[in-house]
Amino acid sequence: MRYLIIIICILLGSCIKVNTGAENLKLHELDQKIIAKVEARQSSGFWDAMQNLDYNYVDQFADSSEQGQFSKAIKSLLTGDYHISSNILEKLVESSSDTLFVQHSGSLLAGIYLLTFDWDAFIELDSKLPQGIDDMNTISMVKAWNRQPTEVINFPETPLTIAMEKSISGVPMIKVLVNGVEQTFWIDTGAEFTVLSSDIAEECGVNLLIDEASKVGTSTDKKIDLWPGMIEELKIEDLVFENHPTFIISKEDLEFRLFKIFKILKIDGILGWNAIQNLKLEIDYANGSVTFQKPELDQQEERNFHFFTQPFVTVSDTTGIPLQFFMDTGANTTSLYEPSYAIFDTSSAEITRAKVGGAGGFQDVTKLLLRNQSLILGTTRLDFAELNGKSPKGDAKEGFILYDGILGSDIAQNSVLVLDFQNGRCELKPSVQK
């Protein structure tokens with residue numbers, strides 16, 4: 001529980017311009033499936049192989065039973081079998097004498113327990129790890145939520161479609177009721193938990209569960225204070241969350257000001273991953289609507305939508321090299337991390353400057369601008385006229401996985417983004433003009 005990823009890119013110049021990607025991207029349905037190149041990357045060692053999801057290395061060169069077991073746990077996570085994975089990782093935490101196995105197994109277990117709201121197991125794990133789960137006082141938040149009633153989700157009998165607006169950066173926004181008070185929330189897979197600004201929490205009667213603050217990292221490399229809260233009733237028309245865990249963040253850290261003077265926008269609330277993971281969402285950016293429904297579990301041979309400590313999607317380049325992209329609807333643009341530069345043609349890349357906005361304010365960054373690049377998402381080819389490369393100083397490792405990039409809201413500005421985590425599916429489909 002370390003990251004609140006909100007990314008708003010503002011190009012530096014004589015005026016403010018926020019690119020939502022609507023004119024930058026063209027989508028094409030593939031005539032045939034791109035076959036993945038399973039041996040496309042060379043791993044330099046066991047942990048490099050694991051963080052790049054290179055199982056061939058482990059299958060060929062694993063030199064201990066612990067490596068084989070950890071690899072099996074990773075594969076189980078990718079197929080959505082959290083029970084098998086957690087059993088393996090729990091044994092490694094308890095029995096391994098290798099500090100790296102204990103550290104990485106504990107990190108992945110913490111993610112599983114948060115995903116499944118197993119607060120008791122999270123608290124027990126914290127006591128078993130030599131340094132605890134983290135140094136950000138996460139355990140105090142979990143203990144606070146553990147003292148509250150269990151969350152209940154009441155789904156409508158039929159799919160629910162509501163109107164959606166887009167923020168200045170293209171992020172979807174919807175109307176919700178927080179304890180009966182109407183608010184505007186962003187839909188942000190990059191936020192681990194639903195978020196309330198402190199002034200909105202006070203207005204809606206959502207109290208701090210503890211006085212002691214925890215810390216969270218942001219997309220601007222800053223750490224901000226936050227407190228645990230519990231929304232008694234979060235309603236999206238007929239979709240109702242009862243006893244919904246939330247972060248409460250100071251309103252100043254959710255305000256975005258240019259030159260620290262001009263307020264560009266303020267975020268009142270965010271519908272975060274702890275809500276989104278339990279829903280099937282169809283976000284129709286072109287028509288301005290979102291459809292919510294209860295996921296109906298089906299048997300999928302391949303899953304491309306995963307969660308370790310954060311949600312991520314497996315995509316590929318046009319030759320079939322698999323890539324792991326952090327799924328962040330709160331980011332307005334898709335971007336690359338440095339590890340993927342070896343795969344993409346950066347020979348003609350340009351250096352640009354931008355301001356990146358996140359909780360806590362803005363940060364000046366240097367970026368690479370790549371032209372005419374493509375990604376494959378499911379059966380859809382994404383052709384980018386321009387694709388951002390993040391600063392070489394950017395951290396591609398935000399959890400266990402070494403990410404190749406971030407998938408932002410720009411991939412769906414003219415189509416429908418389908419997010420069905422329970423079935424491991426993230427895809428795009430055409431928007432039907434209404």
Side-chain angles (χ1 to χ4, degrees), residues 1-4 82-83 86 89-90 93 106-155 176-181 183 185 191-217 223-236 239-251 253-254 268-279 307 309-310 359:
M1 189 188 303
R2 293 174 293 172
Y3 298 100
L4 176 66
Y82 297 103
H83 179 69
S86 59
L89 296 171
E90 285 165 0
V93 166
S107 174
L108 293 173
L109 273 175
I112 294 173
Y113 295 152
L114 288 177
L115 183 75
T116 57
F117 304 115
D118 194 343
W119 307 132
D120 288 331
F122 189 97
I123 294 168
E124 183 179 359
L125 174 65
D126 184 77
S127 67
K128 291 180 179 179
L129 297 176
Q131 305 299 325
I133 287 176
D134 60 36
D135 58 356
M136 299 186 182
N137 200 32
T138 299
I139 189 64
S140 295
M141 300 185 69
V142 170
K143 288 180 177 179
W145 284 323
N146 196 38
R147 293 190 290 266
Q148 304 302 310
T150 302
E151 181 176 29
V152 176
I153 304 176
N154 300 303
F155 291 92
V176 305
L177 292 177
V178 179
N179 293 340
V181 182
Q183 304 294 344
F185 272 27
E192 287 183 284
F193 276 72
T194 292
V195 172
L196 281 178
S197 175
S198 57
D199 58 331
I200 300 301
E202 182 177 358
E203 177 184 346
C204 299
V206 180
N207 300 318
L208 306 181
L209 297 181
I210 56 175
D211 294 330
E212 186 179 5
S214 298
K215 296 287 184 180
V216 66
K223 290 184 174 65
I224 61 173
D225 291 335
L226 72 164
W227 295 262
M230 184 74 75
I231 300 175
E232 185 176 341
E233 183 183 74
L234 176 62
K235 293 186 66 175
I236 306 172
L239 172 64
V240 182
F241 297 83
E242 298 178 13
N243 309 313
H244 185 58
T246 185
F247 287 161
I248 298 175
I249 297 177
S250 172
K251 66 176 183 178
D253 286 326
L254 292 175
D268 292 333
I270 296 171
L271 189 71
W273 180 248
N274 62 321
I276 295 170
Q277 66 170 357
N278 294 305
L279 308 171
F307 181 92
T309 55
Q310 292 176 301

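No experiment lies behind these values; they were computed from the predicted model shown. Starting from 1, each residue takes its place in the sequence as its number.
- Between Trp227 and Asp211, the closest heavy-atom pair is NE1-O, 3.0 Å.
- Between Ile249 and Val195, the closest heavy-atom pair is CD1-CG1, 3.8 Å.
- Remark: Leu177 CG to Phe185 CZ distance equals 10.0 Å, nearest 0.5 Å.
- Taking the side chain to side chain donor-acceptor pair (under 3.5 Å) definition, one finds that Glu233 meets it with nothing, sequence neighbours left out.
- In this view, Asn146 and Asp120 satisfy the side chain to side chain donor-acceptor pair (under 3.5 Å) rule, not counting sequence neighbours.
- In the model, Ser197 has a side-chain atom that pairs as donor or acceptor with a side-chain atom of Asp199 under 3.5 Å.
- Defined by atom type and a distance below 3.5 Å, a donor-acceptor pair is missing between the side-chain atoms of Asn243 and Gln148.
- Atom CE of Met141 is separated from atom CZ of Phe247 by 4.5 Å, given to the nearest 0.5 angstrom.
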Can you list the steps and then say if Val142 with Leu114 is a side-chain contact (heavy atoms from CB on, under 4.5 Å)? CA-CA 9 Å; Val142 170; Leu114 288 177; 4.3 Å; yes
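- Qualifying side chain to side chain contact (heavy atoms under 4.5 Å, CB included) partners for Glu232, counting only residues two or more places apart in sequence or in other chains: Asn179.
- The shortest non-hydrogen separation linking Ile248 to Pro228 is CD1-O, 4.5 Å.
- Thr194 contributes a side-chain N or O that, together with a main-chain N or O of Gly272, makes up a donor-acceptor pair within less than 3.5 Å.
- By the 4.5 Å heavy-atom criterion applied to side chains, Asp225 and Ser250 are not counted as neighbours.
- Atom CG in Asp126 sits 8.5 Å away from atom OG1 in Thr138 (nearest 0.5 Å).
- Residue Asn274 comes nearest to Asn278 through the heavy atom pair O-ND2, 3.3 Å, listed as atom of the first residue, atom of the second, then distance.
- The shortest non-hydrogen separation linking Ile139 to Ile123 is CD1-CA, 3.7 Å.
- For Glu202, there are no side chain to side chain contact (heavy atoms under 4.5 Å, CB included) partners at least two apart in sequence or on another chain.
- For Phe241, the ring pair (Phe, Tyr, Trp, His ring centres under 6.0 Å) criterion is met by His244, not counting sequence neighbours.
- For the atom pair CG of Leu234 and CD of Glu151, the computed distance is 8.5 Å after rounding to the nearest 0.5 Å.
- The salt bridge (charged side-chain N to carboxylate O under 4.0 Å, His left out) check on Lys128 picks up Glu94, Glu124, with sequence neighbours excluded.
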Apply ring pair (Phe, Tyr, Trp, His ring centres under 6.0 Å) to Trp145 and Phe193, showing your working. CA-CA 12 Å; Trp145 284 323; Phe193 276 72; 4.7 Å; yes
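- The side-chain heavy atoms of Val93 and Leu125, taken from C-beta on, include a pair separated by under 4.5 Å.
- Residues passing the ring pair (Phe, Tyr, Trp, His ring centres under 6.0 Å) test with Phe117, sequence neighbours excluded: Trp119.
- Separating the CD atom in Glu242 from the CG atom in Asn154 is a distance of 5.0 Å, to the nearest 0.5 Å.
- In this view, Leu115 and Tyr82, Trp273, Gln277, Phe307, Phe421 satisfy the side chain to side chain contact (heavy atoms under 4.5 Å, CB included) rule, not counting sequence neighbours.
- Between Tyr113 and the choices Leu108, Ile133, Asp118, the side chain to side chain contact (heavy atoms under 4.5 Å, CB included) rule is met once, by Asp118.
- In this structure, the separation between OG on Ser214 and CD1 on Ile224 is 11.5 Å, given to the nearest 0.5 Å.
- Taking 4.5 Å as the limit, some side-chain heavy atom of Val206 sits within range of a side-chain heavy atom of Val178.
- Residues in residues 268-277 take part in these salt bridge (charged side-chain N to carboxylate O under 4.0 Å, His left out) pairs, two or more places apart or across chains: Lys266-Asp268.
- Judged as a side chain to side chain donor-acceptor pair (under 3.5 Å), and not counting sequence neighbours, the contacts of Ser140 are Asn137.
- In plain terms, the two heavy atoms of Leu239 and Leu279 that are nearest each other are CD2-CD2, 3.9 Å.
- Between Lys251 and Ser198 the shortest side-chain heavy-atom distance falls below 4.5 Å.
- The side chain to side chain contact (heavy atoms under 4.5 Å, CB included) check on Val181 picks up Gln183, Glu203, Cys204, with sequence neighbours excluded.
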